[in-house]
Amino acid sequence: MATPEESVVHGSAATPPPLEKAVTPQQLPALDRLLRQPDVVALATQHGKTLVTAQARQLLERLREQALAGALLPSQLAPARLHAALAQRIDEQLRLQLRPVLNLSGTVLHTNLGRARLPEAALQHMRDIAGGATNLEYDLATGERGDRDSLIEGLLCQLTGAQAATVVNNNAAAVLLTLAALGQGREVVVSRGELVEIGGSFRLPEVMQSAGARLVEVGATNRTHLYDYEQAITAQTALLMKVHTSNYRIEGFTASVDEAALSQLARARALPLVSDLGSGALVDLAAWGLPPEPTPQQMLQAGCDIVTFSGDKLLGGPQAGFIVGRSDLIARIRRHPMKRALRVGKLLLAALDATLRLYLRPERLAAELPTLRLLARPLADIDATAREVLAPLQARLAPAFTAGIVPLQSQIGSGSLPTQRLASRGIAIAPGTSQGSGRALLGLARALRMLPVPVIGRIHDNALLLDLRCLEDAGALTTQLAVLQLDAAP
Ligand SMILES: *Cc1c(COP(=O)(O)O)cnc(C)c1O
């Protein structure tokens with residue numbers, strides 16, 4: 001049976017049920033009259049006239065369309081119904097669209113779910129800075145104009161061993177700016193095995209083109225040798241570039257030239273060697289039992305002149321892109337006009353300042369940096385959460401679905417350590433009957449996404465999987481089950 005709303009959408013006049021006769025547009029209340037209705041006056045007192053009048057006008061417009069289609073019933077014009085419809089529209093308008101969700105996808109640094117969660121220290125510092133004036137570009141010692149980079153440059157240099165450092169909006173911007181400043185109008189030599197695409201919108205050849213640099217590809221997809229780089233160098237060459245193949249691995253009959261070997265060639269030809277490291281953990285993750293990921297420190301030690309990396313991947317901070325390395329090159333990068341366009345704001349700097357300072361106390365890092373804490377979370381801990389949520393889930397979902405604890409493999413995500421998996425635990429939810437089970441699962445996934453704090457799982461092998469690595473507080477899931485709308489139509 002079509003609802004009145006749908007009949008308008010489809011443009012066909014629905015036949016009203018026999019007992020009620022459809023309303024004509026002339027019978028609709030005027031805007032003034034609706035606004036004088038006592039409970040609508042109360043809405044205006046609460047929210048102000050502007051919002052309430054605009055929404056009342058839109059509501060009447062919508063009802064008019066329904067009336068014209070012959071699909072509006074008199075009961076829909078009862079004062080209580082009009083008030084409820086108006087209040088609902090106002091709530092929807094006021095609801096913030098960027099919302100907290102529970103990431104049970106199994107991917108810790110999920111780009112679509114906002115990557116790293118910020119440490120408490122960063123949240124606190126952002127709050128302290130955001131609401132008032134701050135010394136963003138003001139030197140407190142001299143009382144003169146300062147430089148926003150200088151707030152964290154010293155710390156970045158200390159942590160990475162670089163001579164100089166600057167920061168922009170994200171790592172894509174860091175690569176773009178570096179290439180524009182050092183390679184514009186000239187050639188950049190890169191191995192064919194390293195022409196990465198990150199999440200569809202960052203493709204190295206296209207970034208190169210936007211920066212005005214000419215890409216010179218060398219070697220083959222699986223094998224590149226030092227002589228390939230050597231032969232590609234001409235008078236037009238601006239720099240040599242290495243790109244960390246962060247979201248794939250080339251395996252089998254392969255060869256590549258590492259940074260140490262390539263830096264000798266770069267040095268002999270007086271060319272800078274630039275490394276786009278992507279994730280760039282600032283500490284050796286092996287200390288927490290995690291697979292190793294190259295660090296900016298190692299890249300600089302190996303002889304790279306410039307290294308770029310992200311703020312919100314393994315580093316565990318806000319979205320940002322770092323450019324660290326030789327001070328003469330960093331000075332050129334900073335002078336490029338694009339730097340001004342890609343610079344970071346005070347909120348981001350506040351979060352970076354606080355996050356980077358956590359690295360000065362590595363012994364406390366796993367406790368204070370959520371990304372590391374989640375990646376290194378003990379299996380027994382995840383298992384305890386699984387046992388805590390199982391019974392409430394079973395109780396709420398039976399008999400339509402069955403639920404059980406299953407071993408899962410979490411991913412790090414965001415192009416970090418792509419082939420590594422972390423042993424995890426979760427809940428697999430399967431439909432009670434096999435008939436129409438695909439639809440039932442999609443409906444359940446949707447119902448979970450419609451919760452006040454949406455729950456994001458993934459469907460695999462005819463089950464909805466909830467990986468509990470990132471659920472540190474079981475209550476955040478279980479307290480919502482009471483309002484789960486299992487019959488919500490997809
Ligand atoms: C992730 C990544 C980027 C893009 O970094 P963003 O911070 O997402 O802009 C660029 N290069 C590599 C190798 C990456 O892994």
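Worth knowing before you read on, the calculation uses all heavy atoms, side chains too, and leaves out hydrogens, waters and symmetry mates. Ligands are counted one by one from 1 in listed order, and the atoms in each one are counted from 1 as well.
Asp383 pairs with exactly one of Arg469, Arg377, Arg425 by the salt bridge (charged side-chain N to carboxylate O under 4.0 Å, His left out) rule, that one being Arg425. Put simply, the residue from Val188, Thr178, Leu271, Val189 that forms a side chain to side chain contact (heavy atoms under 4.5 Å, CB included) with Leu239 is Val188.
Atom CD of Gln209 is surrounded by 12 or fewer heavy atoms from other residues, nucleotides or ligands within 6.0 Å.
For the residues Glu194, Lys313, Arg115, the heavy atom positioned nearest atom 2 (C) of ligand 1 is part of Lys313.
The distance from ligand 1 to the heavy atoms of Ser310 drops below 4.0 Å at these ligand atoms: 5 (O), 6 (P), 7 (O).
In terms of polar-atom proximity, defined here as any N/O pair under 3.5 Å, His244 makes no such contact with ligand 1. Considering backbone and side-chain N/O of Ala172, one or more are found under 3.5 Å from N/O of ligand 1. Taking any N or O of Asn171, backbone or side chain, at least one lies under 3.5 Å from an N or O belonging to ligand 1.
Contact annotation: Asp276 has at least one heavy atom less than 4.0 Å from an atom of ligand 1.
Scored by the ring-ring contact (aromatic ring centres under 6.0 Å, His included) test, His460 finds no partners at all (sequence neighbours excluded).
Within the structure, side-chain hydrogen bond (donor to acceptor under 3.5 Å, both in side chains) contacts touching residues 138-147 (residues at least two apart or in different chains) are Glu137-Arg145.
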